[in-house]
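These numbers were taken from a predicted model, which means no experiment stands behind them.
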Amino acid sequence: MSNYFVTTSIPYVNADPHIGFAMELLYADVLARRARQLGDDVIFSTGADEHGGKVAEKAAEAGLAPKAFADQISERFRDLCQLLNVSSNRFIRTTDPGHEQRAALIWKSLKKDIYKGKYIGWYCTGDEAFVTETEAKANHGICPNHNRPYEKIEEDNYFFKLSKYNQKILEAIESKEFNIVPETRRNEVISLLKSGLEDISVSRHKDKIGWGIPVPGDAEQNMYVWFEALMNYITVLGYPEHQDFKNFWPADVQIIGKDIIRFHCGVWPAMLMSLGLPLPKQLYVHGFITVEGKKMSKSLGNVLHPADVVKPYGIDACRYYFLRHVPSYEDGDFSWDRLAAAYNNELANELGNAVQRTVSMVERYQAGKTGELPPADHDTSAYEEALASCRFDKAIEDIWEQVRGLNQYIDEEKPWAIAKEGDADHLREVLAYQCSSLINIAELLEPFLPDTAAKIKAVFKGDEVQPIEGTLFPKHEVKNDTVVAN
RNA sequence: CGCGGGGUGGAGCAGCGGCAGCUCGCGUGGCUCAUAACCACGAGGUCGCAGGUUCGAGUCCUGCCCCCGCAACCA
């Protein structure tokens with residue numbers, strides 16, 4: 001028995017949760033549940049990133065104070081875990097007093113790598129925003145929105161010596177001490193690191209970004225939101241003094257989307273190194289999800305909320321789709337047709353029916369008695385390997401091989417024919433194998449479909465089958481569930 | 001010359017040097033324990049285009065075309 005720590009990224013609370021983040025929660029949940037199943041002590045943290053200009057802006061639009069606005073949205077992220085039966089046991093908000101205090105503490109500890117520098121950039125007073133050097137050049141020094149020249153502005157900021165750790169990070173990644181999966185992401189990061197990291201500005205002027213954690217000892221500056229948000233992965237454990245931190249860091253797996261890879265493969269490791277802490281053991285980078293082939297966007301009105309997906313077929317069906325039919329190592333697509341097909345063919349017909357026919361035969365031929373069950377004989381190494389490398393889709397495929405194998409077995413053995421012949425011993429043997437196989441399937445399924453696994457296990461618990469009321473996955477008529485517009 | 005991913009039967013994908021494979025859909029047959037479910041067999045692809053390396057290329061190299069993301073300090 002050991003300790004296991006898995007994290008999701010903490011979503012920015014400028015908008016409601018959508019299925020992209022739901023997927024990330026599911027990935028983490030599978031790992032957490034699997035670890036628990038193997039007897040580990042698990043901390044599974046998620047949370048909300050709540051500071052920064054954009055939240056302040058959205059709050060103002062809603063006529064709320066930033067904190068009140070953040071309260072509202074972060075609550076929706078918290079609810080998401082329940083909606084999806086996600087077993088996270090820590091929810092950290094960057095506005096938690098604990099996080100704020102610890103962030104200040106961390107800043108002080110990082111001080112040796114923080115220096116005051118000048119941020120120089122092109123600024124448009126019309127947009128009240130900086131533009132990049134390239135953009136300024138592309139527009140020939142004139143803001144196209146306001147038709148006035150950009151001003152060159154200098155601003156005092158604190159900088160973090162990211163460049164100092166460039167080489168060490170590269171080494172940690174190449175040696176897999178800090179293991180990034182999938183490989184393509186790892187290669188991407190390596191080439192990024194080889195091209196060199198520059199020091200980054202890690203604070204903002206208070207009058208520019210007022211909603212943030214103050215830089216200790218400088219009333220004029222707030223911490224740059226990203227810098228501070230990354231700290232959540234250790235403040236959630238009570239860094240530096242809490243026992244949880246001592247027991248659970250480094251994280252076993254951190255899960256992020258591909259858009260924030262730079263922060264997690266550059267800034268974050270550098271911060272840890274500066275603090276003298278080990279890097280996470282593994283970073284899993286997932287892709288994005290489209291809806292019916294299109295990128296989700298408000299203007300298209302196709303933003304899909306997790307609740308919409310759960311509604312028609314239930315939580316486990318939703319989990320199943322995201323975990324199996326969205327490729328773990330690539331971008332994926334959500335489609336109602338494919339969800340319906342997966343539900344009917346795989347969950348109802350193959351798995352549900354395998355349970356049903358087994359139960360029915362045990363009842364019919366053996367008055368519900370199962371007798372002694374043989375031990376599981378399925379080779380789980382492919383499954384284990386898939387989970388270790390976060391290939392959730394492959395892991396489920398491996399389970400389904402067993403499901404299909406069971407249906408084939410039943411058709412080959414023909415228990416109904418054996419019953420007719422009256423060979424009771426042989427029949428008992430065959431049916432016992434079926435039950436045992438289903439129990440094993442349930443075991444492997446638990447991290448992915450916890451409710452379904454529990455139901456199957458309940459059926460074969462004693463030496464007498466306990467039929468499920470109704471069916472495991474009732475067949476649905478094809479409904480016209482269109483994407484809910486927003 | 002910003003970075004990356006991808007183009008394989010109707011759909012979704014695997015294969016990454018040695019007879020082109022899986023799931024769905026479609027067709028035929030079998031079975032009757034089961035949620036009109038299950039099982040078997042079959043049709044369907046010149047593996048984006050053009051060159052090259054090789055005894056042999058979806059698989060390696062070069063060039064081109066087409067999709068899709070990311071980045072440009074918003075987090």
Side-chain angles (χ1 to χ4, degrees), chain A residues 9-15 49-58 94 119 121 129-138 157 182 184-185 187-189 191-192 195 198 200-202 204 209 211-212 224-230 257-263 287-290 293-295 324-327 329-333 335 337-338 340-342 344-365 393-394 397 400-401 403-404 406-420 427 430-431 434 468 470-476:
Chain A
S9 63
I10 52 172
Y12 199 56
V13 296
N14 62 344
D49 178 13
E50 307 189 359
H51 293 296
K54 227 165 204 165
V55 166
E57 197 180 297
K58 288 280 168 190
T94 56
Y119 177 79
F130 282 102
V131 297
T132 56
E133 191 72 35
T134 14
E135 192 177 342
K137 213 169 266 173
N157 275 169
T184 52
R185 297 294 164 209
N187 293 339
E188 200 177 323
V189 172
S191 82
L192 175 77
S195 75
E198 284 173 22
I200 55 156
S201 157
V202 292
R204 296 288 185 271
I209 309 279
W211 176 235
Y224 173 52
V225 186
W226 254 115
F227 196 58
E228 167 249 302
L230 286 167
K258 64 180 186 179
D259 53 331
I260 55 177
I261 199 165
R262 283 159 179 260
F263 291 96
F288 287 161
I289 187 161
T290 51
K294 293 199 182 74
K295 194 179 169 180
R324 179 172 189 183
H325 291 290
V326 174
Y329 275 10
E330 278 160 69
D331 292 342
D333 183 53
S335 103
D337 282 352
R338 290 215 305 278
N344 285 325
N345 298 327
E346 291 156 17
L347 293 176
N349 294 349
E350 293 181 324
L351 177 61
N353 193 235
V355 172
Q356 189 83 342
R357 63 199 301 212
T358 297
V359 168
S360 145
M361 285 189 272
V362 172
E363 286 189 304
R364 186 157 166 171
Y365 303 135
D393 51 352
K394 292 272 179 297
E397 263 160 43
W400 244 257
E401 236 156 75
V403 174
R404 292 205 165 98
L406 175 59
N407 278 323
Q408 281 165 7
Y409 174 85
I410 296 172
D411 274 65
E412 278 161 23
E413 293 293 333
K414 301 182 179 42
W416 52 90
I418 303 175
K420 255 179 211 157
L427 182 60
V430 170
L431 293 182
Q434 291 179 218
I468 302 170
T471 45
L472 208 47
F473 295 102
K475 222 39 178 301
H476 278 226

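A donor-acceptor pair under 3.5 Å is absent between the side-chain atoms of K58(A) and the main chain of V55(A), judged by distance alone. Counting only distance, with no hydrogens or angles, the side chain of D331(A) and the backbone of G287(A) share no donor-acceptor pair below 3.5 Å.
Of the residues near RNA chain B, Y365(A) and T184(A), the one whose nearest nucleotide (by heavy atom distance) lies more toward the 5' end is T184(A). Comparing K414(A) and H51(A) against RNA chain B, the residue whose closest nucleotide sits nearer the 5' end is K414(A).
Ionic pairing of K54(A) and D49(A) is not present here: no N-O contact between side-chain nitrogen and carboxylate oxygen is shorter than 4.0 angstrom.
Atom C1' of G63(B) sits at a distance of 16 Å from the matching atom of C1(B), rounded to the whole Å. Taking the C1' atoms as reference points, A57(B) lies 10 Å from G18(B), given to the whole Å. Between the C1' atoms of C41(B) and G7(B), the separation comes to 32 Å (whole Å). Taking the P atom of each, C19(B) and G56(B) are spaced 16 Å apart, rounded to whole Å. Taking the C1' atom of each, G10(B) and A43(B) are spaced 13 Å apart, rounded to whole Å. Separation of the C1' atoms belonging to A20(B) and C61(B) is 23 Å when rounded to the nearest angstrom. For the C1' atoms, the distance linking C33(B) with G48(B) amounts to 49 Å, nearest Å. As rounded to the nearest Å, U8(B) and C31(B) have P atoms that lie 40 Å from one another.
Judged as a ring-ring contact (aromatic ring centres under 6.0 Å, His included), and not counting sequence neighbours, Y12(A) has no contacts. Legend: residues meeting ring-ring contact (aromatic ring centres under 6.0 Å, His included) with F227(A), ordered by chain and number and at least two apart, are W107(A), F160(A).
Annotated as anti: G15(B), whose glycosidic dihedral deviates from 0 by more than 90°.
Residue E188(A) places its side chain closer to G4(B) than to any other of A34(B), C73(B), G4(B).
Distance CG (D333(A)) to P (G69(B)): 12 Å, rounded to an integer number of Å. L431(A) has its CG atom 13 Å from the P atom of A34(B), to the nearest Å. One can place CG of L192(A) at 16 Å from P of G2(B), the figure rounded to the nearest angstrom. The interatomic distance linking I260(A) (CD1) with A71(B) (P) rounds to 11 Å, in whole Å. Here the C1' atom of nucleotide G21(B) and the CD atom of E401(A) are 13 Å apart, to the nearest Å. For the pair N187(A) CG and C3(B) P, the interatomic distance rounds to 15 Å; values are reported in whole Å. Whole-Å rounding puts the I418(A) CD1 to U32(B) P distance at 13 Å. What separates CZ of R185(A) from C1' of C70(B) is a distance of 9 Å, to the nearest Å.
Here the closest heavy-atom approach between residue G332(A) and residue V326(A) is recorded as CA-CG1, 3.9 Å. Looking at every heavy atom in both residues, N157(A) comes nearest to S201(A) through OD1-OG, 3.0 Å.
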At a cut-off of 3.5 Å, list every protein nitrogen or oxygen paired with a nitrogen or oxygen from nucleotides 11-15 of chain B, distance to 0.1 Å.
unit_1, atom_1, unit_2, atom_2, d
A14(B), OP1, E330(A), OE2, 3.1

Which protein N or O atoms sit under 3.5 Å from an N or O of nucleotides 35-39 of chain B?
unit_1, atom_1, unit_2, atom_2, d
U35(B), O2, F473(A), O, 3.4
U35(B), O2, K475(A), N, 3.4
U35(B), N3, F473(A), O, 2.8
U35(B), O4, F473(A), N, 3.3
A37(B), OP1, K475(A), NZ, 3.2
A37(B), O5', K475(A), NZ, 3.4
A37(B), O2', N353(A), OD1, 2.6
A37(B), O2', N353(A), ND2, 3.4
C38(B), O2', R357(A), NH1, 3.0
C38(B), O2', D411(A), OD1, 2.6
C38(B), O2, D411(A), OD2, 3.2
C39(B), O4', D411(A), OD2, 3.0

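At least one side-chain heavy atom of R338(A) sits less than 4.5 Å from a side-chain heavy atom of D333(A). Considering only heavy atoms from C-beta on, V359(A) comes within 4.5 Å of E363(A) through its side chain.
Below 30°, between 30° and 60°, or above 60°: for F263(A) and W226(A) the angle between ring planes is below 30°, a parallel geometry.
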Legend entry - Intra- and interstrand pairs of RNA chain B - dot-bracket, Watson-Crick/G-U under 3.5 Å, | marks other strand: .(((((((.[[[[.)..(..]]]].(((((.......))))).....[[[[[..)....]]]]])))))).....
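When the side-chain nitrogen and oxygen atoms of R324(A) are compared with OP1 and OP2 of U23(B), none of them lie within a distance under 4.0 Å.
Looking at heavy-atom distances under 4.0 Å, K258(A) makes contact with sugar-phosphate atoms alone, never a base.
Every pair passing salt bridge (Lys or Arg N to Asp or Glu O under 4.0 Å) that includes a residue from residues 345-355 of chain A is listed here, sequence neighbours excluded: R324(A)-E346(A), E350(A)-R404(A).
With rounding to the nearest 0.5 angstrom, the NZ atom of K475(A) is 11.0 Å from the CG atom of L347(A).
Counted by atom type alone, Q434(A) and T358(A) present one or more donor-acceptor pairs between their side chains at under 3.5 Å.
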